[in-house]
Amino acid sequence: MACSWAITFEDKEIWGNKDQNNSIYIHRICNNPTLRGNRYIDKIVEWAKEYALQLGKRFVRLDTLGNNTKLIEHYTSAGFNFLGIFKLTETSTLPSHYHNEPNCCLFEIDLQANVKGNS
């Protein structure tokens, strides 16, 4: 296996009021370490955009923890807009890795903006 990821349709604990049932959320991207550098993120984004449009969703979103500038650059190079670093305040219902790092980087692709930009 080269790469895997999960998606959800809700993420209120991280996205708060921005979670309006108009997004798909990508989580837990994992690459086979022997196959790193193959830009699987581009394939994930391509698939996620098509899937979100099929479902009538406006956004493809993801998050990552800490201030990992290489990962921020990686996601923005794949088409995500970096929205900034936000401090998570309630992490008790989130997976354990969110409990130790409250700084969360948020990213999104606005599919309506992409359509308007290509007109």
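Just so you know, these numbers use all the heavy atoms, side chains as well, and skip hydrogens, waters and symmetry mates.
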field: Derivation of the side chain to side chain contact (heavy atoms under 4.5 Å, CB included) call for Ile14 and Tyr98
entry: CA-CA 10 Å; Ile14 294 173; Tyr98 286 94; 3.5 Å; yes

message: For the backbone of Thr91 and the side chain of His99, can you confirm whether one donor and one acceptor N or O come within less than 3.5 Å of each other?
response: yes

Test item: Leu106 and Thr64 side chains (from C-beta on) under 4.5 Å apart, heavy atoms: no

task: Of all the heavy-atom pairs spanning Ser77 and His74, show the shortest one and how long it is.
output: OG-O, 2.7 Å

message: Do Ser23 and Glu108 have side chains that approach each other closer than 4.5 Å (heavy atoms only, starting at C-beta)?
response: no

task: State yes or no: do Leu71 and Leu62 share one hydrophobic cluster built from I, L, V, M, F, W and Y residues joined by side-chain heavy-atom distances below 4.5 Å, directly or via other members?
output: yes

- request: Determine whether Leu111 and Ile109 make a side-chain contact, defined as any pair of heavy atoms from C-beta on separated by less than 4.5 Å.
  value: yes

field: Nonpolar side-chain network containing Tyr40, other nodes, edges under 4.5 Å
entry: Leu35

message: Can you confirm whether the side chains of Ser4 and Arg28 place a donor and an acceptor under 3.5 Å from each other?
response: no

- request: Answer with yes or no whether the side chains of Asn21 and Lys57 bring together a donor and an acceptor at under 3.5 Å.
  value: yes

Arg36 side, atom CZ; Cys3 side, atom SG - distance, nearest 0.5 Å: 10.0 Å

message: Minimum heavy-atom separation for Cys105 and Gly66, please, with both atom names.
response: SG-O, 3.0 Å

task: Spell out, yes or no, whether Ile29 and Leu83 are grouped together once hydrophobic residues are joined by side-chain heavy atoms under 4.5 Å, including indirect joins.
output: no

field: Partners meeting side-chain hydrogen bond (donor to acceptor under 3.5 Å, both in side chains) with Glu10 (sequence neighbours left out)
entry: none

query: Is there side-chain contact between Phe59 and Ile24, with at least one heavy-atom pair below 4.5 Å?
result: no

task: Determine whether Ile85 and Phe80 fall in the same hydrophobic cluster, where Ile, Leu, Val, Met, Phe, Trp and Tyr are linked whenever their side-chain heavy atoms lie under 4.5 Å apart.
output: yes

query: Between atom OG1 of Thr69 and atom CG of Asn67, what is the distance when rounded to the nearest 0.5 Å?
result: 6.5 Å

- prompt: Can you tell me how far OG1 of Thr34 sits from CG of Asn31, rounded to the nearest 0.5 angstrom?
  reply: 10.0 Å

- request: Name all residues meeting the ring-ring contact (aromatic ring centres under 6.0 Å, His included) criterion together with Phe86; count only those two or more places apart in sequence or in a different chain, and write none if there are none.
  value: none

query: Which residues satisfy the ring-ring contact (aromatic ring centres under 6.0 Å, His included) test with Trp5, sequence neighbours excluded?
result: Trp47

message: Please enumerate all residues that pass ring-ring contact (aromatic ring centres under 6.0 Å, His included) together with Phe82, with sequence neighbours excluded.
response: Phe107

Close side-chain approach of Ile72 to Asn68, heavy-atom, < 4.5 Å: no

task: Taking the side chain as every heavy atom from C-beta outward, state whether Ile26 and Val60 have any atom pair closer than 4.5 Å.
output: yes

query: Do Arg61 and Asp11 sit within salt-bridge range, that is, some charged N less than 4.0 Å from a carboxylate O?
result: no

query: Between Ile7 and Tyr51, is any pair of side-chain heavy atoms under 4.5 Å apart?
result: yes

- prompt: Rounded to the nearest 0.5 Å, what separation is found between the CD1 atom of Ile44 and the CD atom of Glu46?
  reply: 11.5 Å

- prompt: Got Val45 and Tyr75 here, is their nearest side-chain heavy-atom distance under 4.5 Å?
  reply: no

- prompt: Does Met1 offer a backbone N or O that forms a donor-acceptor pair with the side chain of Asn32 under 3.5 Å?
  reply: yes

- prompt: Heavy-atom count around Lys43 NZ within 6.0 Å, excluding the residue itself: above 12?
  reply: no

message: Tell me every residue that passes side-chain hydrogen bond (donor to acceptor under 3.5 Å, both in side chains) with Asn103, counting only those two or more places apart in sequence or in another chain.
response: Glu101

